[in-house]
There are 2 protein chains.
Amino acid sequence: MTNAALDEASVLPEALHAALRDAILERALPPGTAVTESAVALRHGVARSTARLAIERLVGDGLLRRAPHQAARVPSLDAGDIADIYESREVVERAAIERLARSGSIPAAALRAHRELLAIDPDTPFARIDATFHRELVAGQPNARLVRMHGLLMGEIEMCIAQVQAERVLTPAEIAAQHQAILDAVVAGDADLAGRLTGEHIRGARDRLLAAYDRDRARQ
Amino acid sequence: MTNAALDEASVLPEALHAALRDAILERALPPGTAVTESAVALRHGVARSTARLAIERLVGDGLLRRAPHQAARVPSLDAGDIADIYESREVVERAAIERLARSGSIPAAALRAHRELLAIDPDTPFARIDATFHRELVAGQPNARLVRMHGLLMGEIEMCIAQVQAERVLTPAEIAAQHQAILDAVVAGDADLAGRLTGEHIRGARDRLLAAYDRDRARQ
DNA sequence: GATCAAAGATTGTCGAACAATCTGGAGGAT
DNA sequence: ATCCTCCAGATTGTTCGACAATCTTTGATC
């Protein structure tokens, strides 16, 4: 019963899953790249069945897509995908934040991410830290289904951000200020305000990403 | 390109997945039952790796739970689970219905399920038809992520219903009347009303299920 | 240049094997 | 009698190799 993170069955596929996930989110595997089972197996020194398992999980996460008898590929998301993902995220995260506000306490991990965002240099990329903040915030309320759905959506969002060469129009400090407002509302127990601020925050992020997407698309 | 349902990789694990799923939802595998890879493989005449894959998908669906090096088991859901699942479903389905109302059209498959519910005998179990109606309604709007999340939640909900010996306090006709009101609002393009009615409908279902759960629990 | 067939690549599934880990029971110590 | 230890069985975790099914690409033919 010493176990902390049970459920994450088996370390090998889990490690592979994480490695591939990072590769996709860091754009080391650009959209359209074929991810074949044997290549992954060879590259990481595991059996094909193990590689297959990791790939299958990525497909479940929405970070890879696969048709029968074809290699899995990194999907390239269009404006419709971005809009859908952010719409879903708004719905889920808003509900989670409202529930969190009813409890009134901020999880420590979220606070850490918040302070980290406040501390970094204005030019550092911060998408990862921002995502961590939101994940931890949602994880702080007790509804496990909301946490799971939110995690899936955040994965796809990080992939969007990696694919769009999003120029930073907002600094980390400006983002953190919005986060601060949400935190304040949560601590104050004002679920409605916290939810509204969360909605605005997410819609703003969506609009900036869509604008960057259009710019990218126009350039080519 | 003749393919209709691509994505559902490989027929064998898919069939196994469906078979096990049905067994769980029909309570043929009561909560607590251990589902071992070799037993499934032997029972269905497939290799263990294939059975393993199907089981893993069920775990992903939330219809089975598994700790490392232990057999997967059918989870028995408690009142907290029921509350969480229905809270999540309300949030997701409401958003989907509001979006559907903005389009204003009812998917044909949902209409079929609706009429089926109107036609059946008052004593017939109708949980499956009811679930189909809601699934098809959500599938009628274009956000694929909402459809996926809703599908996961509906699977868990069907499992809840199977586990609780829910005495039917409402007849199919009464349920169908609530559905009709939602459909009317959707056709009228009144997203707000459709959303509100959906929320009430789902909360009502949750309350009846929780009451039945308490009754069950008291009996033993 | 278009069409069709063969070759190659990739997934889908199987079977066997062994290590790692968990569970439950037998037997011994207190 | 109760608790502990240890062993045996059960189950998963992972590997390897093999072959069929299917998709893609190449090449030959017309």
Side-chain angles (χ1 to χ4, degrees), chain A residues 1-21 23-24 29 31-76, chain B residues 1-20 23-24 29-76:
Chain A
M1 213 179 296
T2 63
N3 203 338
L6 64 155
D7 183 59
E8 288 304 348
S10 57
V11 285
L12 251 180
E14 172 58 19
L16 254 188
H17 177 266
L20 287 176
R21 182 190 159 84
I24 295 170
L29 298 174
T33 308
V35 180
T36 69
E37 299 174 354
S38 13
V40 171
L42 209 64
R43 171 82 183 71
H44 293 83
V46 298
R48 181 161 75 95
S49 39
T50 308
R52 175 185 185 75
L53 185 51
I55 288 175
E56 218 141 67
R57 290 193 198 168
L58 267 311
V59 172
D61 292 342
L63 298 188
L64 285 177
R65 290 193 192 154
R66 189 180 40 175
H69 290 282
Q70 277 173 261
R73 289 180 177 278
V74 182
S76 72
Chain B
M1 213 178 301
T2 62
N3 202 337
L6 62 157
D7 183 58
E8 288 306 347
S10 57
V11 285
L12 252 178
E14 172 58 20
L16 254 188
H17 176 266
L20 288 177
I24 295 172
L29 299 174
T33 309
V35 180
T36 69
E37 299 174 355
S38 13
V40 171
L42 209 64
R43 172 80 183 70
H44 292 83
V46 298
R48 181 162 74 99
S49 41
T50 307
R52 175 186 184 75
L53 186 49
I55 289 176
E56 216 141 67
R57 289 193 197 169
L58 268 308
V59 172
D61 293 342
L63 298 188
L64 286 177
R65 288 191 196 159
R66 189 180 40 174
H69 290 281
Q70 276 174 261
R73 290 179 177 279
V74 182
S76 72

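A, B, ... follow the sequence lines: proteins, then strands. Residue 1 opens every chain.
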Distance in Å, [X] [atom1] paired with [Y] [atom2], rounded so as to fall on 0.5 Å steps:
| X | Y | atom1 | atom2 | value |
| --- | --- | --- | --- | --- |
| B/Leu20 | B/Leu29 | CG | CG | 7.0 Å |
| B/Arg66 | B/Ile55 | CZ | CD1 | 7.5 Å |
| A/Arg73 | A/Thr36 | CZ | OG1 | 10.0 Å |

Separation of atom [atom1] in [X] from atom [atom2] in [N], rounded to whole Å:
| X | N | atom1 | atom2 | value |
| --- | --- | --- | --- | --- |
| B/Leu53 | C/dC14 | CG | P | 11 Å |
| A/Leu42 | C/dA9 | CG | P | 14 Å |
| B/Glu37 | D/dG13 | CD | C1' | 8 Å |
| A/Glu14 | D/dT14 | CD | P | 10 Å |
| A/Ile55 | C/dG12 | CD1 | C1' | 13 Å |
| A/Gln70 | D/dA21 | CD | C1' | 14 Å |
| B/Arg48 | C/dC18 | CZ | P | 14 Å |

What closest approach, in Å, do [X] and [Y] show between heavy atoms, and which atom pair accounts for it?
| X | Y | result |
| --- | --- | --- |
| B/Val40 | B/Val35 | CG2-CG1, 3.5 Å |
| B/Ala51 | B/Ala41 | CB-N, 3.7 Å |
| A/Ala54 | A/Pro13 | CB-O, 4.0 Å |

Review point. How would DNA chain D look in dot-bracket form, 5' to 3', counting Watson-Crick and G-U wobble pairs with both distances under 3.5 Å and writing | for bases paired to another strand?
Key: ||||||||||||||||||||||||||||||

Could you check which of [options] has an atom nearest any side-chain atom of [X]?
| X | options | value |
| --- | --- | --- |
| B/His69 | D/dC16, C/dT11, D/dG13 | D/dG13 |
| B/Thr50 | C/dT11, C/dT13, D/dT12 | C/dT13 |
| B/Leu12 | C/dC14, D/dG13, D/dC23 | C/dC14 |
| A/Pro13 | C/dC14, D/dT14, D/dT12 | D/dT14 |

Check your understanding: Has A/Arg66 got a side-chain N or O lying under 4.0 Å from the OP1 or OP2 atom of C/dG12?
Key ->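 The answer is yes; a side-chain N or O of A/Arg66 sits under 4.0 Å from OP1 or OP2.
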
Point to revise | Phosphate-side-chain proximity, A/Arg52 and C/dT11, N/O vs OP1/OP2 below 4.0 Å | key: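 So the side chain of A/Arg52 is outside the cut-off, no N or O lying under 4.0 Å from OP1 or OP2 of C/dT11.
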
Check your understanding: Under 3.5 Å, is there an N or O donor on one side and an acceptor on the other linking the side chain of A/Arg73 and the base of C/dT11?
Key ->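 Checked by distance alone, the answer is no.
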
Check your understanding: According to the salt bridge (charged side-chain N to carboxylate O under 4.0 Å, His left out) rule, which pairs have a member within residues 33-43 of chain B, sequence neighbours left out?
Key ->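 Applying salt bridge (charged side-chain N to carboxylate O under 4.0 Å, His left out) to every pair that reaches into residues 33-43 of chain B, excluding sequence neighbours, yields B/Glu37-B/Arg48, B/Glu37-B/Arg52.
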
